[in-house]
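Read the structure below first, then the notes.
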Amino acid sequence: MFEKKVYLQRRAALQSKLNSGILLFLGNEDSPMNFKDNIYHFRQDSTFLYYFGINEPSLAAIIDLDEDVTILFGNEMSIDDIVWMGRQKTLAEKSADSGLSKILPLDQLGNYLKKYQEKNRSVHFLPPYRPENIIKLTNWFNIPTDQLKERASLSFIKAVVAQRSIKSTEEIAELDRAAAISADIHLMVMQHTKPGMYERELAAKIQSEALASGGNLAYPVILTVQGEILHNHYYGNQLKEGQLVLNDSGVETALGYAGDLTRTFPVGKTFSAEQKDVYDIVLNAYHHAKDLLAPGVRYLDVHLASCKILAQGLKDIGLMNGNIDDAVQAGAHAMFFQCGTGHMMGLDVHDMEDLGEQYVGYTDDLIKNTTQFGLKSLRLGKELEAGYVLTVEPGIYIIPELIDRWKASNQFAEYINYDKLETFRNFSGIRVEDDFMITDSGSRMLGKHLAVTTEEIESIRSEAY
């Protein structure tokens, strides 16, 4: 946990932004894998973690804005808990670390909420994403499960998003640490990869190092020779000379803050000429995007500028044709770049995504209202502010099924050279990604430098075996 004053200040700042009612915070429960006591790794709800810092299951809290009282609901360890898990800090001790003094048993929460409703007092809750919390809210408030998201408190959501978006000094230190450890792990993977290995061997090394760092993985490892699959969690392929390895992985620190890096490198010692050409297009887009980062700049504009750099590079090697501005406006570049250039990051690798992309990545002044393929997957479009932390991650992905679908309908034929593209259909994909903090005058990359040019990567690969 951070120091007690951090949580006191966070809760006080939140209270100052909301007028009245009850703020309800639901922690997460243990989730069984195949029977009750065999559980998945526990991950506390990030908003609960942000305001209370207690990383254990079966907790909830309320902040009564009118009475200026905060109550933690939870249970002390039973003797059975102690026998199986060992004596740990008591809940009272953990509460004191968070600056809390009033604790009630968890089973009293329902009665408290009922009393508030009987007095016609507003209870504000955030959109639930865990099934057990969906069930609780449905039972407490008699709201159908399919209506819970729309009945969540908009003022509560916006207040939390505004506060959590601006990272404090303590948070930046954690995010720097997460990015630096992630960079070390990426370097290790580059140094240890050899033809004949399986993807799972490298994924295992990443997970091992993440645990050894004192934290865990920030998200399931994406380690694949099929880099055109954006979130590929299959690790069964054997690595062969001539292929590319795409490694998208990051560490979560013990306090829950994420790193999110991607590097693409050859299975062998060098990139082929074709691979190098495409890699340099992606790297050019990466540099162009990161150089645009500054307060007041819309990330939507960063994304569109990155898309134009990608499209121009693809035109230079014969895969695209025509006017690049027109091609990007029409969405033709999405044949090669189907997602967004980046997203907010913090306690969640996709920060606060559970609260709603329209509130986290967009604003009332910039509403996301597009269905255009590619652009609809941009998670962040709003104007940047000092204190934001985000990723920059352009890529080029050659998806055979997408080629076949668009070619069959002659879609964007004026912009896409389908004959040349056929020679690339087994190319796979390339992504480059780092994490950045927006400063008062620009941006700063978090963590440490990690080999990013083809020359740097080939130097590491030439010493690997």
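Taking each heavy atom of A305 and L292 in turn, the nearest pair found is CB-CD1, 3.7 Å. Considering all non-hydrogen atoms of both residues, L378 and G340 come closest at CD1-CA, 3.8 Å. For the pair M352 and S165, the tightest heavy-atom approach, listed with the atom from each and the gap, is CE-OG, 3.5 Å. Annotation for A159 and K17: closest pair CB-CB, 4.3 Å, computed over non-hydrogen atoms. A pairwise comparison of heavy atoms in T341 and F337 identifies OG1-CE2, 3.7 Å as the closest pair. Of all the heavy atoms in I54 and F48, the pair that sits closest is O-CE2, 3.9 Å.
Of the residues K448, K205, R177, the one that meets the salt bridge (charged side-chain N to carboxylate O under 4.0 Å, His left out) test with D184 is K448. The residue from F25, W140, F141 that alone fulfils the ring-ring contact (aromatic ring centres under 6.0 Å, His included) condition with F125 is F141.
Side-chain N or O atoms of H303 include none that pairs as donor or acceptor with a backbone N or O of A289 at under 3.5 Å. Proximity of a side-chain donor or acceptor of K167 to a complementary backbone N or O of R164 within less than 3.5 Å is detected. For E29 (side chain) and P57 (main-chain N/O), no donor-acceptor pair under 3.5 Å exists by modelled atom type. Checking side-chain atoms of R263 against main-chain N and O of A451 turns up a donor-acceptor pair under 3.5 Å. Side chain of Y7 to backbone of F2: a donor-acceptor contact under 3.5 angstrom is found. Between the side chain of S459 and the backbone N or O of E455 there is no donor-acceptor pair closer than 3.5 Å. Checking side-chain atoms of S98 against main-chain N and O of L100 turns up no donor-acceptor pair under 3.5 Å. With hydrogens and angles ignored, the 3.5 Å screen pairs no side-chain donor or acceptor of Q207 with any backbone N or O of L217. Between the side chain of N133 and the backbone N or O of G27 there is at least one donor-acceptor pair closer than 3.5 Å. At least one donor-acceptor pair closer than 3.5 Å links the side chain of R10 to the backbone N or O of Y50.
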- Task: I would like to know whether I457 and Y279 meet side-chain contact (heavy atoms from CB on, under 4.5 Å); could you show each step before the answer?
- Result: CA-CA 11 Å; I457 292 171; Y279 188 100; 3.3 Å; yes

- Item | Criterion side-chain contact (heavy atoms from CB on, under 4.5 Å) on L450 and V452, from CA distance to verdict | CA-CA 6 Å; L450 173 64; V452 69; over 6 Å; no

- Task: Would you check, one step at a time, whether the test side-chain contact (heavy atoms from CB on, under 4.5 Å) holds for L24 with H124?
- Result: CA-CA 6 Å; L24 173 63; H124 302 272; over 6 Å; no

- Task: Could you walk me through whether R130 and D354 pass the salt bridge (Lys or Arg N to Asp or Glu O under 4.0 Å) test, one step at a time?
- Result: CA-CA 10 Å; R130 286 284 189 96; D354 59 303; over 6 Å; no

- Might you work through the side-chain contact (heavy atoms from CB on, under 4.5 Å) test for D348 and R43, ending with a clear yes or no? CA-CA 11 Å; D348 309 305; R43 177 56 161 83; 4.1 Å; yes

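Heavy atoms of other residues, nucleotides or ligands lying less than 6.0 angstrom from CG of N38 number more than 12. Around the CE atom of M85, the shell of radius 6.0 Å holds no more than 12 heavy atoms that belong to other residues, nucleotides or ligands. Summarising the local packing, CG of N142 is surrounded by 12 or fewer heavy atoms from other residues, nucleotides or ligands at distances under 6.0 Å. More than 12 heavy atoms of other residues, nucleotides or ligands sit less than 6.0 Å from atom CZ of R444. In this structure, Q147 places its CD atom where more than 12 heavy-atom neighbours from other residues, nucleotides or ligands lie under 6.0 Å away. Annotation for D440: atom CG does not count as buried by contact number, only 12 or fewer foreign heavy atoms lying within 6.0 Å.
Residues I460 and E456 fail the side-chain proximity criterion, which asks for heavy atoms closer than 4.5 Å. Contact annotation: the side chain of L126 approaches that of I157 to within less than 4.5 Å [non-hydrogen atoms, C-beta and beyond]. Two residues are said to be in side-chain contact when any heavy atoms from C-beta on lie closer than 4.5 Å; I143 and T138 fail this criterion. Using a 4.5 Å heavy-atom cutoff, the side chains of E228 and L402 are not in contact. Two residues are said to be in side-chain contact when any heavy atoms from C-beta on lie closer than 4.5 Å; L384 and P295 fail this criterion.
Within the cation-pi definition used here (under 6.0 Å to the ring centroid, within 45° of the axis), R200 qualifies as a partner of Y198.
Applying the side chain to side chain donor-acceptor pair (under 3.5 Å) test to pairs two or more places apart or on separate chains, none has a residue in residues 101-118.
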Pairs of donor and acceptor atoms involving the side chains of residues 67-83, under 3.5 Å and at least two apart or interchain, shall be tabulated with distances.
residue: D68; atom: OD1; partner: Q15; partner atom: NE2; Å: 3.2
residue: N75; atom: OD1; partner: L106; partner atom: N; Å: 3.1
residue: E76; atom: OE1; partner: L91; partner atom: N; Å: 2.8
residue: E76; atom: OE2; partner: L91; partner atom: N; Å: 3.3
residue: E76; atom: OE2; partner: A92; partner atom: N; Å: 3.0
residue: S78; atom: OG; partner: D80; partner atom: N; Å: 3.4
residue: S78; atom: OG; partner: D81; partner atom: N; Å: 3.2
residue: S78; atom: OG; partner: D81; partner atom: OD2; Å: 3.1
residue: D81; atom: OD2; partner: S78; partner atom: N; Å: 2.9

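T391 and D260 form no side-chain donor-acceptor contact under 3.5 Å, judged by distance and modelled atom types alone. At a cut-off of 3.5 Å, with distance as the only test, a side-chain donor of N237 or E199 sits close to an acceptor on the other residue. Under 3.5 Å, the side chains of E393 and T262 contain no donor-acceptor pair of N or O atoms. Between the side chains of Q226 and S428, no donor N or O sits under 3.5 Å from an acceptor N or O. Judged purely by distance below 3.5 Å, without hydrogens or angles, the side chains of E171 and Y257 pair a donor atom with an acceptor atom.
Using a cutoff of 4.0 Å between basic side-chain nitrogens and carboxylate oxygens, D434 and K290 are not scored as salt-bridged. Using a cutoff of 4.0 Å between basic side-chain nitrogens and carboxylate oxygens, K119 and D66 are not scored as salt-bridged.
Interatomic distance, CZ of F42 versus CG of N55, reported as 5.5 Å (0.5 Å rounding). Summarising the geometry, atom CG belonging to N369 is positioned 9.5 Å from atom OH belonging to Y362; distances are rounded to the nearest 0.5 Å. Note: H288 NE2 to C307 SG = 11.0 Å, rounded to the nearest 0.5 Å. Taking OG1 of T454 as the reference point, atom CZ of R461 lies at 14.0 Å (rounded to 0.5 Å). One finds the NE2 atom of H343 at 12.5 Å from the OG atom of S377 (value rounded to the nearest 0.5 Å).
Residues satisfying the side chain to side chain donor-acceptor pair (under 3.5 Å) test with D301, not counting sequence neighbours, are R298.
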